[in-house]
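Numbers here simply count residues along the sequence, with the first being 1. Everything numeric in this text was worked out from a predicted model, so none of it was measured.
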Amino acid sequence: MVYYVISGLIYACIIAIILLALIFGLRAKTYVKREKITSLAKGFSPLDVQRIFLGKTYPRKLTRALIVHWAQMGYIRVKYIDKTYVRLTLVKNPPTHSSKDAVFFDRGVYVRERDLFNKLFGRKNAVEVNVNRAMFSRSVVKSVNSGYAVREEEGVYSSEHYALKIITTVLSVLPFVLASIYLCLVLESGVGVIFPFIMCMGLFFFRFVRDVPFFPRIAIGVSFGGGGVGLLIWWYTQISDPFCIGYTAVAILFIGSLLLIRFVDYREKNNLNDYSNLINYRRYLLFGRKSELFTFDYYAILPYLYAFNIKVLVKRKFNTVQLPSWYISENGERGNLL
């Protein structure tokens, strides 16, 4: 009897996730225009991408994007030190937002970005930066944002959107937890409770610890999450499981939390023109032909590849042979930045 109750709850979670993805995915799709966008407005910052996509900006997650963006704007020169470190040399300070020389897309984002730039250099003419780590501490970002009355998070997302994301994540993890609880009951042991704990550690690390580079993050996430998942599957091969709840719980854990959750999108209708442009530009970079993208300036687009987190997927489509004029490398080394 307990097995059937657990099975019913697991499949109910799966149905709920699918319904949320279908209902809100179709709702979001109706608000986005499909058109070919091959470029963004001049002065468009990686922080603008974050504001429009996420409703707020996270400068700590955009170290490489901001470095390249500032170099392209002519504010800094970049010198290769080793694979992970570069030296940033100040060329000129970004002009104030009221200056005729200021080029920006959103004034609120620009003034924050300018303050961050000034915080980075202070009275120094050069700083060394690890491109794999956050360029700004949380306290620096907080001190900059606290100086402005306008809230950055007034973007395309509402509190309902974030609530739906949390609900979908919980529904994706819950079947795994339920399967572990049933295993504890069958084995008459609490050993099963460790599986979701280990799995959640790996999933959390992979999804939210963005300061660690992508591939090391995968390795660490898999080492933790894969251990919990592997142990649960192994134990379920030792017991009777006619409805395959063990395998099903593992499948929806990954499909729900990594794939279906992307369709659960509750955006406000305001600012959707900018959002649509970003969606279509990102789609163009991902699916555009190499013969067309090869003619574009890779380094002008690189900040957005970092902001969209798609550099690894599309870099091969661009001409990356020649180093940019703002990048100094005596041995021709590119490092992790480019």
So, do [X] and [Y] sit near enough that their side-chain heavy atoms are less than 4.5 Å apart?
X: Leu47; Y: Arg112; value: no
X: Phe44; Y: Phe104; value: no
X: Glu35; Y: Asn277; value: yes
X: Arg334; Y: Tyr80; value: no
X: Phe263; Y: Phe24; value: no

Tell me, yes or no, whether the heavy-atom count around Arg283 atom CZ, taken from other residues, nucleotides or ligands under 6.0 Å, exceeds 12.
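More than 12 within 6.0 Å, yes.
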Can any side-chain N or O of [X] pair as donor or acceptor with the backbone N or O of [Y] at less than 3.5 Å?
X: Lys317; Y: Arg289; answer: no
X: Lys315; Y: Leu305; answer: no
X: Tyr306; Y: Leu337; answer: yes
X: Lys165; Y: Val264; answer: yes

For the residue pair Arg64 and Asn132, confirm or rule out a side-chain donor-acceptor distance under 3.5 Å.
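Note: Arg64 and Asn132 side chains meet the donor-acceptor criterion.
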Side chains of Tyr299 and Gln322 only: does a donor on one sit below 3.5 Å from an acceptor on the other?
no
Checking side-chain contact (heavy atoms from CB on, under 4.5 Å) against Ile17, which of Ile252, Leu174, Ile255 comes through?
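For Ile17, the side-chain contact (heavy atoms from CB on, under 4.5 Å) test succeeds with only one of Ile252, Leu174, Ile255, which is Ile252.
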